[in-house]
Amino acid sequence: MVLDSSDTQNIQYNEGEPDTYHYPSDTHPFDKFLSGLQYVKTEYCALCADDDLVMPAGIEACLSVLRIHPSVVCTHGFAFSFIERDDKPSLQSALRLTDSITDTSPLVRVAELLGNYRALTYAVYRTDILRKVLTEANKLDSLLGRELLAGALTAVAGNVVHIPCFSHGRSGEQGERRYTNWHPLEWFIKDAPGLIAEY
């Protein structure tokens with residue numbers, strides 16, 4: 001499905017292609033994610049930004065682990081960063097090669113996630129877990145706060161497993177939309193007390 005919060009919202013799809021839901025252009029991305037989850041009817045799901053890529057074989061490998069192991073709440077493979085040059089994707093780098101998080105203690109899992117941080121936003125999730133996680137994370141205001149709390153709550157909920165394959169690619173292009181309070185350094189320079197308060 002497509003959760004469209006673009007300014008123009010003029011994308012046309014052929015009959016039988018993805019269901020499209022429209023949102024105001026100023027919708028917080030995490031609010032849109034949570035709203036879109038109400039339409040998901042499958043046991044598993046994954047988010048994909050509009051300028052990113054998913055690797056179907058990698059997603060299937062992630063799903064196979066979720067189907068077999070009930071203690072696993074989300075899975076992810078390797079990711080790569082790319083930019084477009086002459087209308088062709090050009091590989092920039094592999095992103096954050098990380099281990100699985102499978103300790104029996106929820107607090108140790110959170111410490112492992114935050115000690116070698118990787119965003120879990122685009123992992124393959126159990127749908128019910130992602131709904132619960134975003135419902136709580138969206139009580140914070142900032143993009144960074146929501147991302148960090150969503151990751152921490154995911155680690156509390158269960159194991160996070162890394163699959164040794166590529167599951168998605170992230171665009172390295174500068175997007176048109178400029179988010180605020182998305183990175184600790186950007187936020188600290190602009191509003192250090194606000195960063196400390198939300199942490």
Side-chain angles (χ1 to χ4, degrees), residues 1-6 11 13 16-24 27-79 95-96 98-104 106 109-110 112-114 117-171:
M1 69 184 62
V2 175
L3 308 178
D4 185 1
S5 59
S6 63
I11 299 171
Y13 297 99
E17 290 196 8
D19 293 334
T20 304
Y21 303 93
H22 297 284
Y23 295 85
T27 303
H28 191 293
F30 276 67
D31 289 335
K32 185 170 62 170
F33 298 160
L34 181 58
S35 174
L37 280 168
Q38 70 184 303
Y39 307 114
V40 175
K41 306 301 182 201
T42 54
E43 187 175 355
Y44 312 104
C45 67
L47 301 165
C48 179
D50 60 0
D51 55 354
D52 290 353
L53 300 170
V54 293
M55 312 302 286
I59 297 299
E60 184 56 43
C62 290
L63 286 169
S64 67
V65 171
L66 286 166
R67 291 180 183 121
I68 296 169
H69 301 285
S71 64
V72 176
V73 295
C74 78
T75 55
H76 62 89
F78 296 121
L95 299 175
R96 273 278 222 232
T98 57
D99 296 326
S100 296
I101 301 172
T102 58
D103 196 273
T104 56
R109 292 196 301 268
V110 171
E112 288 181 7
L113 173 71
L114 297 179
Y117 182 68
R118 82 296 316 253
L120 299 177
T121 308
Y122 299 109
V124 181
Y125 269 88
R126 294 185 186 280
T127 303
D128 61 332
I129 295 294
L130 186 55
R131 279 194 191 105
K132 291 174 186 174
V133 160
L134 292 183
T135 297
E136 293 304 314
N138 285 7
K139 294 176 182 177
L140 294 179
D141 293 325
S142 71
L143 186 61
L144 176 63
R146 292 184 190 199
E147 178 193 298
L148 291 174
L149 184 55
L153 292 172
T154 297
V156 167
N159 293 332
V160 176
V161 172
H162 170 75
I163 311 298
C165 64
F166 280 97
S167 58
H168 60 286
R170 302 294 319 274
S171 173

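FYI, side chains are in, hydrogens and waters are out, and symmetry mates aren't considered; it's all heavy atoms of this structure.
- At least one donor-acceptor pair closer than 3.5 Å links the side chain of Ser100 to the backbone N or O of His162.
- A donor-acceptor pair under 3.5 Å is absent between the side-chain atoms of Ser171 and the main chain of Asp52, judged by distance alone.
- The two atoms that bring Arg131 and Leu34 nearest to each other are O-CD1, 3.8 Å, heavy atoms only.
- To the nearest 0.5 angstrom, Asp31 atom CG is 12.0 Å from Leu3 atom CG.
- Looking at heavy atoms from C-beta onward, Tyr117 lies in side-chain contact with Leu148 at the 4.5 angstrom threshold.
- To the nearest 0.5 Å, atoms CG (Leu140) and CG (Leu143) are separated by 11.5 Å.
- In this structure, Tyr39 OH and Asp19 CG are separated by 10.0 Å, a value rounded to the nearest 0.5 Å.
- Between Leu47 and Thr121, the closest heavy-atom pair is CD1-O, 3.6 Å.
- Looking at heavy atoms from C-beta onward, Leu130 lies in side-chain contact with Leu37 at the 4.5 angstrom threshold.
- For the residue pair Thr154 / Tyr125, a side-chain donor-acceptor distance below 3.5 Å is found, with atom types taken as modelled.
- Between the side chain of Arg118 and the main chain of Asp99, a donor-acceptor pair closer than 3.5 Å is present.
- Between the CG atom of Leu120 and the CD atom of Glu147 there is a distance of 8.5 Å, given to the nearest 0.5 Å.
- One side chain, Ser71 or Asn159, offers a donor N or O that lies under 3.5 Å from an acceptor on the other.
- The two residues Val160 and His76 have their closest heavy-atom pair at CG1-CD2, 3.9 Å.
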_Set out, in order, the CA-CA distance, both residues' side-chain angles and the distance that settles side-chain contact (heavy atoms from CB on, under 4.5 Å) for Met1 and Val40, then state yes or no._
CA-CA 9 Å; Met1 69 184 62; Val40 175; 4.0 Å; yes
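- Side-chain atoms of Arg109 never come within 3.5 Å of backbone atoms of Ile101 as a donor-acceptor pair (strictly under, hydrogens ignored).
- Residues passing the side-chain contact (heavy atoms from CB on, under 4.5 Å) test with Glu136, sequence neighbours excluded: Lys139, Leu153.
- Residues meeting the side-chain contact (heavy atoms from CB on, under 4.5 Å) test with Ala150, sequence neighbours left out: Phe30, Val133, Leu134, Ala137.
- Between the Ser167 side chain and the Gly58 main chain, no donor and acceptor come within less than 3.5 Å of each other.
- In this structure, NZ on Lys32 lies 11.5 Å from NE2 on His22, to the nearest 0.5 angstrom.
- Smallest separation of non-hydrogen atoms from Leu113 and Ala155: CD2-CB, 4.5 Å.
- Atom-to-atom distance recorded for Tyr44:OH and Ile59:CD1 is 14.0 Å, nearest 0.5 angstrom.
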Can you give each donor-acceptor pair under 3.5 Å made by side-chain atoms of residues 61-69, sequence neighbours left out, with the distance rounded to 0.1 Å?
residue, atom, partner, partner atom, Å
Ser64, OG, Ala61, O, 2.7
Arg67, NH1, Glu60, OE2, 2.8

*Please step through side-chain contact (heavy atoms from CB on, under 4.5 Å) for the pair Glu43 and Thr127, ending with a clear verdict.*
CA-CA 6 Å; Glu43 187 175 355; Thr127 303; 5.6 Å; no
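- Nearest heavy-atom pair across Ser35 and Tyr23 is OG-OH, 2.8 Å.
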